[in-house]
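Worksheet for the structure shown next.
Per chain, numbering begins at 1; letters A, B, ... match sequence-line order.
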Number of protein chains: 2
Amino acid sequence: MSKQTALAVTDLSAGAVCCQPLSEQRIPAETAAVLAPAFKALGDPVRLQLMSMIASAPSGEICVCDLTPSFTLSGPTISHHLKTLRDAGLVEAERRGTWVHYRARPGLMTQLAALLAVHEPAAS
Amino acid sequence: MSKQTALAVTDLSAGAVCCQPLSEQRIPAETAAVLAPAFKALGDPVRLQLMSMIASAPSGEICVCDLTPSFTLSGPTISHHLKTLRDAGLVEAERRGTWVHYRARPGLMTQLAALLAVHEPAAS
DNA sequence: TGCCTAGGTTGACAGATTTCGAAACAGAGT
DNA sequence: ACTCTGTTTCGAAATCTGTCAACCTAGGCA
């Protein structure tokens, strides 16, 4: 099941599924179906923190061994959450030697941010 | 009942739960716990579309009677999804005569967008 | 080479949460 | 009273969360 969404997300992060703020134009059902899983992936406190730790890593990437100790959860649980973020297209993993490093994929996050951008009402 | 959940969200949308991009600074567990539910609320294709339809309504608000026909789901189901968005603090409802109108609350969405903003590597 | 240990992932499972619709309910208009 | 709009309640099916056990890969060492 996650395979399907992962594929779609890969497509969009390569391309141009959305860019218009959500408040300026109705999202087509198709687009919503593609982007909702990304929001869902961020819709868990642990995953939101993981995403933040990965994205804010000074070197651009961070070892799982540095992530796990920050939570009271077990290793497998963290691994599952990381897989969710991976399937959503928000991060990618690379094994270098003994350790696995996670890196953020800014493309999709940028799209989500653009989607949420609120058009300044009057102003101008 | 919606008052309770609305309170926490009201606090944050009034105040300073977050503002820093997720990729610039680690989100504290506390902040993650507060913001994750908002992402979770957007993490469903139907709710994402609903949010978009509400936020992009030309008059700033939209009647439930205009929302329901756009989906193949039953009335109660749409109502449930709307309640989820309400509880998350993303929209608010007002009954005017026979019909109920939904309006977006941009505050929280702005915060989420700021959180997802990706720091430009160059600049600064 | 063969064996051992450590880091992470995967699979399977119980318990909690979500999703959806049928039926019942509340508000407003006729 | 009756109708129409939308919400709430309730229950069933599906999904999600977290853990243990098993597995795989990489590295160290005799």
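OP1 or OP2 of D/dT7 has at least one side-chain nitrogen or oxygen of B/Ser79 nearer than 4.0 Å. Distances shorter than 4.0 Å separate none of the side-chain N or O atoms of B/Trp99 from OP1 or OP2 on C/dA28.
Taking each heavy atom of A/Ile27 and A/Ala32 in turn, the nearest pair found is CG2-N, 3.5 Å. Scanning both residues, B/Ala88 and B/Ala41, for their nearest heavy atoms gives CB-CB, 3.6 Å.
Closest contact between the side chain of B/Arg95 and the listed nucleotides C/dT10, D/dT5, D/dA26 involves D/dT5.
For residues 52-115 of chain A, the set of pairs meeting the disulfide (SG to SG under 2.5 Å) definition, not counting sequence neighbours, comprises A/Cys63-A/Cys65.
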Detail all sub-3.5 Å separations between protein N/O atoms and N/O atoms belonging to nucleotides 12-22 of chain C.
residue	atom	partner	partner atom	Å
C/dT18	OP1	B/Lys40	NZ	3.3
C/dT19	OP1	B/Arg47	NH2	3.4
C/dT19	OP2	B/Arg47	NH1	3.3
C/dC20	OP2	B/His81	NE2	2.5
C/dG21	OP2	B/Ser74	N	3.0
C/dG21	OP2	B/Ser74	OG	2.8
C/dG21	OP2	B/Thr77	OG1	2.4

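In this structure, the CD atom of B/Glu94 is 17 Å from the P atom of C/dG27, given to the nearest Å. If you take CG of A/Leu85 and C1' of D/dT17, they are 14 Å apart, rounded to a whole angstrom. Taking atom NZ of residue A/Lys83 and atom P of nucleotide D/dC16, one finds them 13 Å apart after rounding to whole Å.
The closest donor-acceptor contact from the side chain of B/Ser56 to the backbone of B/Ser52 lies under 3.5 Å. Listed for the A/Thr84 side chain is no donor-acceptor partner under 3.5 Å among the backbone atoms of A/Arg47.
Looking at B/Tyr102 and B/Met53, their side chains never come closer than 4.5 Å, going by heavy atoms from C-beta outward. In this structure, A/Glu61 and A/Ile54 have side chains that are not in contact, with every pair of non-hydrogen atoms separated by 4.5 Å or more.
A/Thr68 meets the side chain to side chain contact (heavy atoms under 4.5 Å, CB included) test with A/Val64, A/Ile78; sequence neighbours excluded. Applying the side chain to side chain contact (heavy atoms under 4.5 Å, CB included) test to B/Arg95 and every residue at least two apart in sequence or in another chain returns B/Val100.
Within residues 60-71 of chain A, the residues approaching DNA chain C are A/Cys63, A/Val64, A/Cys65, by heavy-atom distance under 4.0 Å.
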Let me have DNA chain D in dot-bracket notation, would you? Count Watson-Crick plus G-U wobble pairs, both distances under 3.5 Å, and use [ ] for pairs crossing earlier ones and | for inter-strand partners.
||||||||||||||||||||||||||||||
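B/Phe39 contributes atom CZ, which lies 4.0 Å from atom CG of B/Leu116 (distance to the nearest 0.5 angstrom).
Electrostatic pairing of B/Glu92 and B/Arg86 does not count as a salt bridge here, judged by no charged N lying under 4.0 Å from a carboxylate O.
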